[in-house]
Number of protein chains: 2
Amino acid sequence: MYDTQFKQAVTTSDKTFFQLRYDIVEGKVLSGSKLSETELSTKYSVSRAVIREAISRLESCRLVERKANVGARVVDLSPDGLVELYQIRESLEGMAARLAAKNMTSEEITELNQLLESHADKVKKEGSYYQEAGDVDFHYRIILGSKNKQLISLLVDGIYHLVRMYRVQLGMSGPRITTAFDEHKHIVNAIQNRDEELAEMLMRRHIMYSKNNIANKLA
Amino acid sequence: MYDTQFKQAVTTSDKTFFQLRYDIVEGKVLSGSKLSETELSTKYSVSRAVIREAISRLESCRLVERKANVGARVVDLSPDGLVELYQIRESLEGMAARLAAKNMTSEEITELNQLLESHADKVKKEGSYYQEAGDVDFHYRIILGSKNKQLISLLVDGIYHLVRMYRVQLGMSGPRITTAFDEHKHIVNAIQNRDEELAEMLMRRHIMYSKNNIANKLA
DNA sequence: TAGGTCTAGATTGTCGACAATGATTCGAAT
DNA sequence: ATTCGAATCATTGTCGACAATCTAGACCTA
């Protein structure tokens, strides 16, 4: 997933942006720490111009905050910030589920079902938990299924990296994860029945549960 | 409203960004037209660096689209784009209304009521229609009332400029405008009663109506 | 000692020049 | 005449240097 974006990088600004974003999300650069332009330019062996470009893009993802004539800092994670983020997710992904119920092709829906089945098999055979990667895969399909370009960009390019940052830095995969599978199944059923109303409602509840689960760790 | 932001501008990049955004939203720069960096740098009498910075920020507002090694173009407006935009508005502003019902102080609510009253008076006395400015004022109060910083930034810094661009370039203020007042009133009532569910639902319907109204003109 | 001011250092903002990539035009060959 | 290719031109991407601003610490004063 990250690989695909790295390949899309044509300019060194792109590469630096992707690399820096990765480092921030994965916690290689601590949240709250200052991003010195000169320092980064030596570290990544590029000019300050491309660093500035990268930071500018990171700002539009809300991964860093910038003040004029002062500099940029990595956003710091807080319980309040998490709640705010999940309120937005609830709203936007709920709409995405509604639109997916309307706009996904039947082929896409069967593929989505196959995805869930393969996850279920994997859980049974390997005895492993329903991993975060599976959850992300699922949500991405729904989002793309909405066919709303702006919505897709908002979530995929913007919010999801911040979501992942919270997940990584709180250490994810709790016991609840298994129950998420059933919720996913119900959402797909609603989409399959073209029940927009229900699809939205179930997705919103799914995200609310997820929020409560992750919020407990932070508190 | 634009003035307040212009005053916040500390660096010439800020000023150029605000100016350029204004020119695009107001249609001084045609939608779909190319933004040549050298051309703009001479036009605004600044270096290409600040133009690039401004364009980069415009890109994060989704007012321009950029391709590597090719350049930036002002987004072109389309019926599909409008529908997508209003789906997002419906989702996010619905959530904003829900949160406003939860988080607005009683002082803020009374101020909101006063705002509506003053608009009503103005309509009666001057015989004027319920103008767009009034509508925007109202929606801003709700959005700010959500107290969700990310949501506020998403709407105020991002989406609303694109909304305004559509409004301006389609020539706004239709006959429906008057009925919007009643819808606003009902939303405030729901907020006053702390009825989150209803506030969200009414706001979503209000925006759907608004979409249908504006979409008719485009088709 | 607390507070304020001024200087020195470091950091960000802005600029012009060069390098690299994409577009266009002209020419040649079939 | 048309299509393919090469050279030229224009535009964007990258760089290092200079200017403007903020920050930290010393020094002075009450």
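Below, read A as the first sequence line, B as the second, and so on, with proteins coming before strands; counting in each chain starts at 1.
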**Q** Short question: side chain of Glu84(A), backbone of Lys149(B) - any donor-acceptor pair under 3.5 Å?
**A** yes
**Q** Whole angstroms only, please: what is the OH-P distance between Tyr44(B) and dC15(C)?
**A** 15 Å
**Q** With under 30° as parallel and over 60° as perpendicular, where do the rings of His184(B) and Phe138(B) fit, or are they tilted in between?
**A** parallel
**Q** Please write out the pairs of protein N or O atoms and N or O atoms of nucleotides 12-14 of chain C separated by less than 3.5 Å, giving the distance to one decimal.
**A**
residue: dT12(C); atom: OP1; partner: Lys34(A); partner atom: NZ; Å: 3.0
residue: dT12(C); atom: OP2; partner: Glu37(A); partner atom: N; Å: 3.3
residue: dG13(C); atom: OP1; partner: Asn69(A); partner atom: N; Å: 3.3
residue: dG13(C); atom: OP2; partner: Arg52(A); partner atom: NH1; Å: 2.5
residue: dG13(C); atom: OP2; partner: Arg52(A); partner atom: NH2; Å: 3.2
residue: dG13(C); atom: O3'; partner: Thr11(B); partner atom: OG1; Å: 2.8
residue: dG13(C); atom: N7; partner: Arg48(A); partner atom: NH2; Å: 2.9
residue: dG13(C); atom: O6; partner: Arg48(A); partner atom: NH1; Å: 2.9
residue: dT14(C); atom: OP1; partner: Thr11(B); partner atom: OG1; Å: 2.2
residue: dT14(C); atom: OP1; partner: Thr12(B); partner atom: N; Å: 2.7
residue: dT14(C); atom: OP1; partner: Thr12(B); partner atom: OG1; Å: 2.4
residue: dT14(C); atom: OP1; partner: Ser13(B); partner atom: N; Å: 3.3
residue: dT14(C); atom: OP2; partner: Thr11(B); partner atom: OG1; Å: 3.0
residue: dT14(C); atom: OP2; partner: Ser13(B); partner atom: OG; Å: 3.4

**Q** Looking at Ile191(A), Val188(A), Ile207(A), Ile187(A), which one forms a side-chain contact (heavy atoms from CB on, under 4.5 Å) with Leu202(A)?
**A** Ile187(A)
**Q** So Glu53(A) and Arg52(B), do their side chains get closer than 4.5 Å, heavy atoms only?
**A** yes
**Q** Please find the pair of heavy atoms, one from Val10(B) and one from Lys15(B), that lie closest to each other, and give the distance.
**A** O-NZ, 4.3 Å
